[in-house]
Amino acid sequence: TFKKNDAGTATQSVYVTTTGELSTPNLNQNVDATVITTTGSFSTSNLDTSSLDAEQMSEVMGYFEDAITEELALPPGSTVTVTSIDTNGLVQYELLTYGDTSAEANTATSSIHTTLSDTSTLDSISNAVLALSQASSSDADIIDILTSTTVDSHTIGTTAEETIPKFTT
């Protein structure tokens, strides 16, 4: 059937009837998923945050979170959180990686560790942090601090695996 909507545009509705059953596995059911929590840190050079207040520090941490996320092919729902940046420029993070199975989550985590330890990834994170700050910060102090900051190395911290319920839709 053809109808005109309020804007005067013609619309068409099509109705289809079929026989048989429609199977949708795991729809609206509780199933198990695996979450792996990984911690780690990046050593940096020239990241002096001693003059930054709490709001500026939060902004810098956000740039690192976004830069790390940009470098990783994370499974859906996974998150990166920078938990602290100390006075020596050590950027500490926590990464939650989700998977439908333990093997899937562990494969993703292993790939993440390899990626974050690669020299070209460290350079990309350094460049992304600066680019993000230049594109979105109006704070000259933050941009000045990040202009000469480099990410030099990555250290893997702890890893913990947990099975959690997940409701499918």
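We use all heavy atoms of the structure for the numbers below, so side chains are in, but hydrogens, waters and symmetry mates are not.
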Within the structure provided, determine whether [X] and [Y] are in side-chain contact (heavy-atom separation under 4.5 Å).
X: Leu47; Y: Ile85; result: yes
X: Leu90; Y: Ser43; result: yes
X: Leu96; Y: Ser78; result: no
X: Leu122; Y: Leu116; result: no
X: His113; Y: Thr159; result: yes

Find out if a path of hydrophobic residues (ILVMFWY) with successive side-chain heavy-atom gaps under 4.5 Å connects [X] to [Y].
X: Val80; Y: Val35; answer: no
X: Leu74; Y: Val82; answer: yes
X: Tyr98; Y: Ile36; answer: no

[X] side chain to [Y] main-chain N or O, any donor-acceptor pair under 3.5 Å?
X: Asp86; Y: Asn88; value: yes
X: Ser58; Y: Ala54; value: no
X: Ser126; Y: Val151; value: yes
X: Ser111; Y: Thr107; value: no

Query raised in the report: Do Tyr93 and Phe42 make the cut of ring centroids closer than 6.0 angstrom?
Result: yes
Requested in this report: Verify side chain to side chain contact (heavy atoms under 4.5 Å, CB included) between Thr38 and Glu94, making sure each step is shown before the conclusion.
Outcome: CA-CA 6 Å; Thr38 304; Glu94 179 180 81; over 6 Å; no
Find the distance between [atom1] ([X]) and [atom2] ([Y]) and round it off to the nearest 0.5 Å.
X: Ile125; Y: Thr150; atom1: CD1; atom2: OG1; answer: 12.0 Å
X: Glu70; Y: Leu132; atom1: CD; atom2: CG; answer: 5.0 Å
X: Ile112; Y: Glu71; atom1: CD1; atom2: CD; answer: 12.5 Å
X: Ser133; Y: Glu59; atom1: OG; atom2: CD; answer: 8.0 Å
X: Asp152; Y: Ser45; atom1: CG; atom2: OG; answer: 3.5 Å
X: Leu146; Y: Gln134; atom1: CG; atom2: CD; answer: 9.0 Å

Any luck finding a side-chain donor-acceptor pair between [X] and [Y] under 3.5 Å?
X: Gln92; Y: Ser41; answer: no
X: Thr121; Y: Thr115; answer: no
X: Asn46; Y: Thr149; answer: no
X: Ser137; Y: Asp139; answer: no

Query - Heavy-atom pair with the smallest gap, counting every atom of Val129 and Tyr63 - result: CG2-O, 3.9 Å
Report summary line: For Val60 and Ile142, the nearest pair of non-hydrogen atoms, with its separation, is CG2-CG2, 3.8 Å
Query - Among Thr97, Ile156, Thr34, Leu95, the one residue meeting side chain to side chain contact (heavy atoms under 4.5 Å, CB included) with Thr109 - result: Thr97
